[in-house]
Amino acid sequence: MTAPPDIVQVALPLPLLQVFSYRVPPEWREAVRPGCRVLVPFGRRHLTGVVVPELPPDPLPSPLKPILDVLDDTPALTDELLRLTRWMADYYVCGWGEVIRAALPPGLEIESRRRLYPGHPPAEPPGERAAAVLRFVAEHPGTTIRRLRQELRFASYALLHRLVARGWLQLEESLEAPRVQIKKEQHVRFAPAYRTPAAQEAVLEKLRGARQRALVTALQALRLEGVAEPTRAELLARADASPATLRRLVELGVLELVEKEVIRSPLEAEPVPKAAPVTFHPEQQAALDRITEAIEARRFETFLLHGVTGSGKTEVYIAALKRVRAQGRTGIILVPEIALTPQTVRRFRAHFGDEVAVLHSRMSDGERYDTWRQLRAGRYPIVIGPRSAVLAPLENLGLIVVDEEHERSYKQFDPAPRYHARDVAVYRAYLNGAVCVLGSATPSLESYLNARSGKYTLLEMRRRAPAVGHTPARLPSVRLVDLRHTRLVNGNPLAPPLARAIAQRLERGEQVILLQNRRGFAPVLECAECGWSPHCPHCSVTLTYHKVQHQLRCHYCGYATRHPGTCRQCGAAALEPLGIGTQRVEEALRALFPEARVLRMDLDTTRGRRAHHRLLDRFARGEADILLGTQMVAKGLDFPRVTLVGVVNADTGLLLPDFRADEHTFQLLMQVAGRAGRADRPGEVLLQTRNPDHRVFRYLLRHDYAGLARELLAERHQLGYPPYARLAVLECSGPDEARVAELARSWTEHFQQVCHQHAGGHLIDTLGPTPALHERLKGRYRYHVLVKVPRRTGAPPLQPLLRQALETFPPLPRAYRLTLDIDPAGLS
DNA sequence: AGCACGCCGACT
DNA sequence: GTCGGCGTGCTC
């Protein structure tokens, strides 16, 4: 045992790439341990930070400020999570404190805030602006300076200080309690002297008031029913008594109140479903055997479980998790978006009952906090959740599953840390000697290459599981509807073949899923005649159209060219912004099939807490014939009566200015295609396209993931894209465009110099700066610099160089910012 | 990210 | 001379 430290390092939730040293007053020496949250003075305010296991810097900054409070008895973060978050901060080039914030439930921070209150009424008339400030504070007493300055832009610190100096305003510094608290409820029980039936009878005779006696008998009755200590509200309702009566009995010493913690959990109320019997087909068994072997050996190993839709990946996860549980170890199951995968959750609950905790994207802060505390206390050995669950406080981890590992929602974008949960999962498994299973029908090329190169172990399941319940046994047939020669009348987005197919299903009483992929907000041009789209000659991405300069630009390398006027392929003067005329699918459906019941599923119709469930349940119960929606309809449940999947415009995804456009489109279309058909009724998939010869469709028709992957990998290799290169995007933003552009340029130069000094310069490419895809967002201009390093041995590690460049770059003007995105998921 | 300070031009 | 706008620098 080493002596308690008198100096500790503290990570603060700020975008600063450093930690800070604090003095520990004697009274806190025993309590302070790495991972504990502490309240510290920082500049003029107070912040909640976390003690991290770092040594103090050698020339100690002086004088040190003291820690003001230790907020945890048990450290909020385990040593393992401290190591993991440290690694993330290094890898994603961000503050350790920022990562730690992502690992803790939101709303726990204590911060000091300076708040404004009205002071004396002014004796002399204040100026116009001063009057406006006083009015605002009178209307919003206790407002923060920040809020006030948002409303009244002219309210400078100088003005506020003047008003405070004259006593017209009061400025108070207050510590804000955490937004989230442990919820407590008052329970009632007999005081110790009255716990025996005899004592209770005696007191009943002594009591005069009928209400008082009613309360005592009600408590006795509840006790007989097994509720020894009912809640206050429960007891009062039962006895039809008032709080005053209860208070009186407490004063008399007959009853006493006890506070109990309440766990806010959305799950407790739901019954545990029954597990369906599981039989494994040979491919499943083989995959499971390989995973089990690593689990039994307690060896770190990452598996890529590549299994077609319906091949039974979830059963493999469950069986692997059972092995891990048998060893007394714990597991994390990551799913892309929990609201869309109720079925997966149900299956895990069926097998593991209340060992499973679920983290939701739609949980309240209170529920989140309670679940986190329970996990931290070891109450649940299993957690299912979206990307943030990779940081769940489980100890003794044996397994991390990343289901649908190719999904982009695993990459966090806004606020920092901009981490990829899949990659963090692999590293966390490594730290724990655990097994990581990445599952997908259409793996990301990153994972696929890692599997081919032997870094991961590739497990393939090519066959669909035999029809158990509703699982389809045959792959659906895929057909293309060539839109090039189909005149769509009056903007009707449904070409005759698709309309006919829908009519047929409606007649037969079968169901239809229509995917209306509307994610095409990029200003990409498409020839309305032939479907051709201008591409960058160097980067294999579509060019975007910029009205002001009448230019086409590449967002990767900055290549720019004039608008060509006519289509290069067919010569028609029909280059139009993508996505025109595809917004009216619902109207068209109602016009064509007035009797059909259509269910819309998009961001607007799925607002509420359980809106997803409700919509999908209604469709599953057959309350609608057609489910129309954005990519949400591709995920979620299997619907046995769906025999047709239609894609209104399969090209939208292909034309996004992203080098992963083909990969993502294939993944989405494969997934939505998997919704069609079952054993007794084969499914059909119709894709409307103007590019029927596109390679994505060529491989899709044959359900040939491996073929497309080979072709895409060859291209990525040639162009130097991931997975053969590591990418980072530096974004420079601010209110003045010329200045943003200039800053981006000078940063690029600075970075190149740093590279030259520390890495010999070669191997590291910078592209740009180029205006971002959405050049102006919320009044700020944004420029991007793309940094590319080949991913082979001998290449310099990128992060230290970026860190070095950021740290040595001269300070930015106010309102201008540099942000980094390591392994970006796409351009934004 | 806050927060404060200090410099400058434009008003009373 | 002050006021108010804005750029600069620091936080253990």
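Chain letters run A, B, ... following the sequence lines, proteins first, then strands; residues in each count from 1. Bear in mind the structure is a predicted one, so any value in this text is a computation, not a measurement. FYI, side chains are in, hydrogens and waters are out, and symmetry mates aren't considered; it's all heavy atoms of this structure.
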Would you tabulate the pairs of protein nitrogen or oxygen atoms and nucleotide nitrogen or oxygen atoms of nucleotides 6-9 of chain B closer than 3.5 angstrom?
none

(message) By nearest atom, which of the nucleotides C/dG9, C/dG7, C/dC12 is closest to the A/Arg739 side chain?
(response) C/dG7

(request) Using atom CG of A/Leu812 as one end and atom C1' of B/dG2 as the other, report the distance to the nearest whole Å. (result) 16 Å

(request) Examine distances only and state if a side-chain atom of A/Asp72 and a backbone atom of A/Pro75 form a donor-acceptor pair shorter than 3.5 Å. (result) no

(message) Donor-acceptor pair, distance only, cut-off 3.5 Å: does the side chain of A/Glu98 make one with the backbone of A/Gly95?
(response) yes

(request) Let me know the distance between CG of A/Leu12 and P of B/dC3, rounded to the nearest Å. (result) 15 Å

(request) Give, ordered by number, those residues of residues 38-52 of chain A having at least one heavy-atom distance below 4.0 Å to an atom of DNA chain B; if nothing qualifies, reply none. (result) A/Arg44, A/Arg45

(request) Can you run down the ring pair (Phe, Tyr, Trp, His ring centres under 6.0 Å) pairs that involve residues 48-91 of chain A, sequence neighbours left out, and say none if there aren't any? (result) A/Trp87-A/Tyr91, A/Trp87-A/Tyr427

(message) In this structure, how many angstroms lie between the P atom of C/dC12 and the CG atom of A/Leu60, rounded?
(response) 13 Å

(message) With a 3.5 Å distance limit and no angle check, can you tell me whether A/Arg33 reaches the backbone of A/Asp73 through a side-chain donor-acceptor pair?
(response) yes

(request) Can you figure out which of C/dC12, C/dG7, B/dA1 approaches the side chain of A/Ser21 most closely? (result) C/dC12

(request) Determine, for A/Arg660 against A/Glu446, whether the closest basic-nitrogen to carboxylate-oxygen distance falls under 4.0 angstrom. (result) yes

(request) Measure from NZ on A/Lys65 to C1' on C/dC10 and round the result to the nearest Å. (result) 11 Å

(request) Could you check whether A/Pro811 gets within reach of a base, just the sugar-phosphate, or nothing at all, counting any heavy atom under 4.0 Å? (result) sugar-phosphate

(request) Please state how far atom OH in A/Tyr22 lies from atom P in C/dT11, giving the value in whole angstrom units. (result) 10 Å

(message) Tell me if the CZ atom of A/Arg83 is crowded by more than 12 foreign heavy atoms within 6.0 Å.
(response) no

(request) Might you confirm whether atom CG of A/Asp79 has over 12 heavy atoms from other residues, nucleotides or ligands at distances under 6.0 Å? (result) no

(message) Rounded to whole Å, please give me the gap between CG in A/Leu14 and P in C/dC10.
(response) 16 Å

(request) In plain terms, say whether A/Lys411 and A/Asp821 are close enough for a salt bridge, that is, a side-chain N and a carboxylate O under 4.0 Å apart. (result) yes

(request) Return the nearest nucleotide to the side chain of A/Leu64; candidates are C/dT11, C/dC12, C/dT8. (result) C/dC12

(message) Rounding to an integer number of Å, can you tell me how far A/Phe20 CZ sits from B/dA1 P?
(response) 14 Å

(message) Would the distance check show the side chain of A/Arg803 and the main-chain N or O of A/Val93 forming a donor-acceptor pair, the cut-off being under 3.5 Å?
(response) no

(request) Calculate the interatomic distance between A/Ile67 atom CD1 and C/dC12 atom C1'; express it in whole Å. (result) 11 Å

